[in-house]
Trainee: 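Here it is: the structure, laid out below.
Every heavy atom of this structure was used, including side-chain atoms; hydrogens, water molecules and symmetry mates were not.
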Amino acid sequence: MREIDEKAWQQFSERDKKRSQTDPSFSPKDTDFEAPKSFKYDKSVNYYKTLGVEEYATNDEIKKAYRKLSLNYHPDKQTNKTQEEKDEAAAIFMEIKNAYKLLADDPTRRQYDFERDRDNVSAQSHGKKPQEKNGFDAGEALQRMMQKAKENKKLPSEIITVPVHCRIEKFVFGGQKTLKRTRLVKDKSYGGFNEEVKTFRIDLPAGVEQPWSVDFRRQGDQHEGREADTIRFLFSAKPHLWLDRDGQDIKLREAIQLGSSMRSEAYLSASIAPFSRRQVFIWGRNPFHGSTAVAEEGQLAVQLQGLGLGPQGALALLLKLGMGTRPESRLHVPPGPPAGRRPFLERFGLAPSGGFGEPLPEPGAGSMLRTLLERRQCRREMHDKLTADIELRPIGQTIRLFTKPPSTLTFLASTAPKYELFAVSLDCPACGKKKASADWDRLKARLTTVLQETAFILLAQARSVQPRCLLAKPIFDDRIALSRADRPMPWKNMGDQAFKQGSYWIACAVYAKRLEELRIAVHLQADDAEEEACEEEVIDVSGQRGPDLVPEAAKVLSNRAACLIKVQDYLAAVAHARKAAALAPRWARAWSRLGQAAWELGDKFRAEAAQAYAKSVEMDPLPSTVQALQSSVSQLQGPNPDASHAAKEKGNEAIRSGQIGLGIALYTQGIAQLPAPTSEDRSNSDSKPDEHALLRGVLFTNRSAAFSRVRSWDAAVKDAKEAVAAQPGLSSAHSQLGVALLGSGFHQEAYVQFARGFQLDSEHKPSIKGRNTCLKEMVAWKSASATARYQNRFWLDLRRPKGSTRIFAISDLHFDQKCNEDWAHAIDDIAFLDDVLIVAGNVADTKVGMARALTTLKSKFRRVFYTVGNHEMQIATSEFARYPDSIAKLSEIFSTCDELGIDVFPAPVCEGVLVVPLLSWCSAEFDHEDPFPDPNSNFNRRCSWPMDPDLQVWKYMMKLNESFLSFQGYETVITFSHFLPRQGLPFDKTRKNAVKAVGCDMIDEQARALKSKLHVYGHGRVRYAQMHSGVRYVSPPIGFEADWPKDHPPRLMLVHTGKSLCMQEWGADDEPPLGYVKRLLNLSFYTMPGLRESELRKLQNTVQRHNSFTGIACSFDRLGSKNQDKEALAKDAFPDFAQLSKDATHAMITVADCLDNLKDLWKSDIFAKDWPAAIAPHARNTVSFTTPLGLDLVHAKKRDPMLIVYGLRLSEAVREDGDDYGKMQKAVEAINKLPGIDGKIAVSLHPTGFARFSHSELLEELGEKNDKSCGLTHCFTVLVDEPASYKMLAQSKTFGKWKSSYEPSLVGRGPNVMAFALPLDIAATASAPKPPKGTKGSNGFSKSKR
């Protein structure tokens, strides 16, 4: 061994030298052999051959080879290929990826090379060849690609048409057709052709036109000179015995005869089976009722729309009604003509034979007029055919019946009001196969009577047609109806009602009456309580069966036995139950009643009780009966492990033979005979372990599987949990619990159990299959927990008034850090109780920490929306035993959120505002320069996934979001994810190749599919808020303490004010940041022509009194500037001034620190009385509006300071969170960023109104009734140091862009743009002063007024 190691090391050292010569960057280290392996390789596989590189290849050559092969075999490059080719490419790509992981990591590569060299030296020393497994060979793959390229140059394939004839029902309901066809396949070993049977599975859509074709490209015979044939299956319907197809319509070839004297029948009814799987019931008014036509037969052409091929097709029926004898008709002919016309009639021979002087005969008899009328009426009646065309269309939606097999009901009604005809169609598409004909017959037999009795009475339109006095009469009166004297009393129904009400003695008496009618007698013997033979039965009661095939006598006996048990007459109950079991030996309820009654009689009857319970379980394994059997066997036989094991084996044989009920009974007996584990055994780890734990676990597992086969999911879940508790290490127990939970609709919980079973045994096929099934089912979010989550949370705030809640956002809370936990607890306890918080992942590393964090946040906010981050998906050391993988942890997190009331699904938070969480994961394709995973990266190494972490996890997360993309129709949609949604957003780049683990482009695609206006994300650890392509992107990380700002603790991010979107930091104590709350700017412009200087000074003195109010600065002056009047300014710097100012001459400007200050001024006598009285003699027109002060008013050290105000009337579509308003704000920012304007020019744009108040609401708040704003909605203010600066600005291209941004949004016939220029002689900052501590300033943002 030492010699082999020395030779191997020598050969390995030579390898390092040669590699150092070919690769200067290669630097071998002794620590390479101590480093962890990047991939658990197989040393017998030649990974160099897999990538097609030499053994001394450099890292760059390996990387190039990997990229080249990835372009051919990557799963995303396999579109338009068959499933076999996709599976083969996926397997090859995994080999390529594993080879790259190994060879790209130098320590792992050196370990691999040394082990291979040692194996080669060892094999050579023993005279053997080194073993090498067959894997993917890039050289051979290149040859195959060249061969495939040659094959692609072959002649195109021929289309082979294969006619397929199927029943017309297949075209009506759709379905799958499986076809087998023999084809010639080239034998690669010798070059000839072999025959192969190819199976084609084709889904035939419902309602397709014939002939319908489907092509299978290159799936036919293979040839040398051309591509394989294309098989085209041409589907057409087989000829039907009584149906014809006309396009999308189906016609019955023969007419349907209805009755022989329908002339006297007011209603008609028919039950028709046009083809298999459909039964049609027709009922309604007879349109030919009371007809006097001579025709002996009437015809109804009925078109049942929607019952043909597809929704547009119809089922055409021809109903022939025998009319019977016609009633005699009596003509009304006048007795004779008036006296003035008799000569005229006599002259032309039209008078009666005896003349008019004779007594008149019977009215009209013998006259030519009567004869003519009779002939005309006869001729009309002979040609009067009784025909009617009636079209029936579906009403309402198709009703699904949860029958076995499933079926549907379609209701139809006539479209013409004069025809009152209705139809009901019973359809069962599942009974399409010939094997299911018995199921269809059974279903039809059970439902036909019910539908004939109730369907048309329950239909409101049909119920209104039938008179009330006839409602109790059967619509389909095709059964023998007993006369009222012979109609029996409903004793059984009366007994059932009495039993439900608890009147057991009355129920016993009533049931006895019914037994007398059935001539059933039950006799008891006092000594042994055995029933005597009853000779009084003279009729065959077995023929009186209901739809469940149980004789009525057995039901009455069983029900009376139940009543006797209730009144504790167990002896009589046993006799009745025995009789019922004898009449219906396959009816489980009779046996369970027998067991219940016999058990109460004592030890002598308990063996019989156990046998009766076993029989009942065998017939129908109800959980209650199973529990009774287990209890009775346990008390009768006691612990017996050997008998328990024997019962298990017998149960297995019963299950294999298809006797599910018998198997459950045997498993139950085996469980009952096991020694019961004590509670100390489970709670005390030092106690002796349960020696029968394995047998107990197997028995419960097997019984749970049997319950699953009969779809008794609750019992299956209970047994599987018992199996897991008895034997936690049994993979089949976990798998069976997963099956039971999956059948119950709990997909997420089922996945956890399947994953646990896979963790215990990685080759356990049921666990693997179940885990994959759960992954597919979870995508649709149709599990019971997901449905409950949606129903409980989505509708909470659907009608909440808009403006009643704000929305804040944070990310990367890291509650595990002490400082972050303290920050979360320091959030104001009252200020945000009406608000919503978005948490974009990375709350904590453990589920316990996550629950603590979300509990804290939920106590501060009304609703908390949350999505997971990468830290939550990592499995900490303390969680290894709890979570088998990260998907299982995700399911547990969702369950915890449901318990805490945390939202993880989309939900509206008020009217028109929808918040949508998006699950996400990082993708290496986010790195557009190198879109391939880095095998050396250690990102998220503590995560464990049941799929490829680099290629499939992010796709699966995106798939989970697809169900949320259907939420449309909301005015404002806010989405959030943990990972970055698009390129160009900032993130922490300190880690190598961090771009591969920070984002996914698909997130942005899904957010835009939802028409999101704002997206919150995390993971970047960089605070950011900007708009890109019409969407605002916000990153509000809390981060670690080292990331916190130095001057203040982390802040929340306000993303919705209640009325519009925003991106504003907000204090955790509900204090807005400095500068966010603005002062109020009130502007009033007056038309005062001819105002003298002395009068102007008087008005200015009056305005000076306004300045005596707290927080108010006010001035009054003429328009223009200090050095130029209005005319001079318009001529020099502002040409449009005269036109846009609308004859205004003077202006008053008022700046208020807060809303309360302005309210105090306006309600004072100085402003409300003195000022209107002062301006009344001079002012003709007034324009006044209020807006936030958007810029600092500074006039010191300026030549001729001037404030220019534009009033704009914009469309209602211009909203603060809209794209148009965003473009305007960008244009305003561009003006403020012009070079050289600091101290000269400043601009701002704000809507009229203030804070949460619109302009009309603000006037109402201030107590002002008159709105003098002229409809202006926005205010654009420009502060310049002199008129020349404004002239320079107005001539710039940037100002032109600003005008072009708002001009398309102008509305109104009147003045939609007004402009005023006024001298500036007051100073004020835009930011309002902070109120004193302990008070809330009335700035329009306080919680008390929101």
Side-chain angles (χ1 to χ4, degrees), residues 75-76 78-79 83 86-87 90 203 735 738-758 766-791 793-794 841 865-870 872-873 883-895 897-898 903-907 916-923 925 943-968 975-979 981 1000-1010:
D76 293 341
Q78 308 305 313
T79 55
Q83 189 61 40
K86 290 181 180 180
D87 295 341
D203 290 325
S735 175
V739 170
L741 290 170
L742 189 61
S744 302
F746 295 93
H747 304 152
Q748 299 174 19
E749 295 79 358
Y751 176 86
V752 177
Q753 299 303 323
F754 285 126
R756 179 69 65 193
F758 177 80
S767 296
I768 298 173
K769 183 178 180 180
R771 189 179 65 166
N772 295 336
T773 302
C774 289
L775 288 174
K776 294 178 182 178
E777 293 294 333
M778 288 165 61
V779 169
W781 295 114
K782 292 184 179 180
S783 65
S785 55
T787 303
R789 183 182 307 135
Y790 171 79
Q791 294 176 348
R793 307 294 302 173
F794 184 83
F865 285 81
Y866 165 69
T867 189
V868 296
N870 60 311
E872 286 94 333
M873 291 295 92
Y883 306 119
D885 58 29
S886 296
I887 294 290
K889 186 177 181 181
L890 176 64
S891 301
E892 289 286 336
I893 288 176
F894 279 1
S895 299
C897 289
D898 293 340
D903 291 279
V904 294
F905 272 16
V916 183
L918 295 177
L919 295 168
S920 60
W921 198 253
C922 55
S923 168
E925 297 178 8
C943 295
S944 175
W945 300 101
M947 58 194 77
D948 191 309
D950 297 323
L951 300 176
Q952 294 179 325
V953 174
W954 68 271
K955 293 181 181 179
Y956 186 73
M957 292 294 186
M958 297 299 104
K959 199 73 176 176
L960 289 172
N961 295 333
E962 288 184 358
S963 298
F964 302 154
L965 303 184
S966 59
F967 290 94
Q968 301 291 341
T975 56
F976 67 99
S977 64
H978 176 68
F979 288 91
C1000 176
D1001 292 322
M1002 188 70 73
I1003 303 173
D1004 192 54
E1005 294 182 16
Q1006 293 188 340
R1008 291 180 182 272
L1010 283 162

Trainee: Show your working on side chain to side chain contact (heavy atoms under 4.5 Å, CB included) between Met873 and Val953 and close with a plain yes or no.
Mentor: CA-CA 12 Å; Met873 291 295 92; Val953 174; over 6 Å; no
Trainee: Would you say the rings of Phe794 and Phe967 are close, in the sense that their centroids are separated by under 6.0 Å?
Mentor: yes
Trainee: For Asp948, which residues count as a side chain to side chain contact (heavy atoms under 4.5 Å, CB included) partner, sequence neighbours excluded?
Mentor: Met94, Lys97, Asp950, Leu951, Gln952
Trainee: Please identify each residue that fulfils side chain to side chain donor-acceptor pair (under 3.5 Å) with Ser944, with sequence neighbours left out.
Mentor: none
Trainee: So, taking the atom named CG in Asn772 and the one named OH in Tyr751, what distance separates them when rounded to the nearest 0.5 Å?
Mentor: 8.5 Å
Trainee: What residues, two or more places apart in sequence or in another chain, satisfy ring pair (Phe, Tyr, Trp, His ring centres under 6.0 Å) together with Trp954?
Mentor: none
Trainee: My understanding is that only residues two or more places apart in sequence, or in another chain, count here; which of them pass ring pair (Phe, Tyr, Trp, His ring centres under 6.0 Å) with Phe894?
Mentor: Trp781
Trainee: Any non-hydrogen side-chain atom of Val779 less than 4.5 Å from a side-chain atom of Leu775?
Mentor: no
Trainee: Quick one, Ser920 and Cys1000 - any side-chain contact, counting heavy atoms below 4.5 Å?
Mentor: no
Trainee: So, for Phe964 and Pro917, which heavy atoms are closest and what is the spacing to 0.1 Å?
Mentor: CD1-O, 3.7 Å
Trainee: Tell me, with the steps shown, if Phe754 and Val739 meet side chain to side chain contact (heavy atoms under 4.5 Å, CB included).
Mentor: CA-CA 8 Å; Phe754 285 126; Val739 170; 3.8 Å; yes
Trainee: State, to 0.1 Å, how close Cys943 and Asn870 come at their nearest heavy-atom pair, and which atoms those are.
Mentor: SG-O, 4.1 Å
Trainee: Hey, does Cys897 have a side-chain heavy atom less than 4.5 Å from the side chain of Tyr866?
Mentor: yes
Trainee: Please find the pair of heavy atoms, one from Gln753 and one from Gly738, that lie closest to each other, and give the distance.
Mentor: CB-N, 3.7 Å
Trainee: Under the salt bridge (Lys or Arg N to Asp or Glu O under 4.0 Å) rule, collect the residues that match up with Glu892, sequence neighbours excluded.
Mentor: Arg882
Trainee: Residues in side chain to side chain contact (heavy atoms under 4.5 Å, CB included) with Ser891, at least two apart?
Mentor: Gln748, Val752, Met778
Trainee: Are the side chains of Leu1010 and Leu918 in contact, using a 4.5 Å heavy-atom criterion?
Mentor: yes
Trainee: Quick one: does any side-chain atom of Gln968 pair with a main-chain N or O of Ala1009 as donor and acceptor, under 3.5 Å?
Mentor: yes
Trainee: Just to verify, what does Phe979 make a ring pair (Phe, Tyr, Trp, His ring centres under 6.0 Å) with, not counting sequence neighbours?
Mentor: Trp921, His1019
Trainee: Return the minimal non-hydrogen interatomic distance between Ser895 and Glu749, and the atom names on each side.
Mentor: OG-OE2, 4.1 Å
Trainee: Once salt bridge (Lys or Arg N to Asp or Glu O under 4.0 Å) is applied, do any residues pair with Asp885, and if so which ones, sequence neighbours excluded?
Mentor: none
Trainee: Quick one: side chains of residues 1001-1008, donor-acceptor pairs under 3.5 Å with protein atoms, not counting sequence neighbours, listed by atom name and distance.
Mentor:
unit_1, atom_1, unit_2, atom_2, d
Asp1001, OD2, His928, NE2, 2.8
Asp1004, OD1, Tyr1033, OH, 2.4
Asp1004, OD2, Arg1008, NE, 3.0
Gln1006, OE1, Asn961, ND2, 3.0
Gln1006, NE2, Met958, O, 2.9
Arg1008, NH1, Ser1029, O, 3.1
Arg1008, NH2, His1028, O, 3.1
Arg1008, NH2, Tyr1033, OH, 3.0

Trainee: So, do Val868 and His978 sit near enough that their side-chain heavy atoms are less than 4.5 Å apart?
Mentor: no
Trainee: Could you tell me whether the side chain of Phe758 reaches within less than 4.5 Å of the side chain of Ser735, counting heavy atoms only?
Mentor: no
Trainee: Are the side chain of Ser744 and the backbone N or O of Phe746 linked by a donor-acceptor pair below 3.5 Å?
Mentor: no
Trainee: With side chains defined as the heavy atoms from C-beta onward, is the minimum distance between Ile887 and Tyr956 less than 4.5 Å?
Mentor: yes
Trainee: According to side chain to side chain donor-acceptor pair (under 3.5 Å), who are the partners of Lys959, at least two apart in sequence or on a separate chain?
Mentor: Glu962
Trainee: Could you check whether Arg789 makes a cation-pi contact with Phe905, meaning its NZ or CZ is under 6.0 Å from the centre of the six-membered ring and within 45° of the ring axis?
Mentor: yes
Trainee: For Asp203, what residues pass the salt bridge (Lys or Arg N to Asp or Glu O under 4.0 Å) criterion, not counting sequence neighbours?
Mentor: none
Trainee: Using side chain to side chain contact (heavy atoms under 4.5 Å, CB included) as the criterion, list what pairs up with Thr773, not counting sequence neighbours.
Mentor: Leu742, Lys769, Glu777
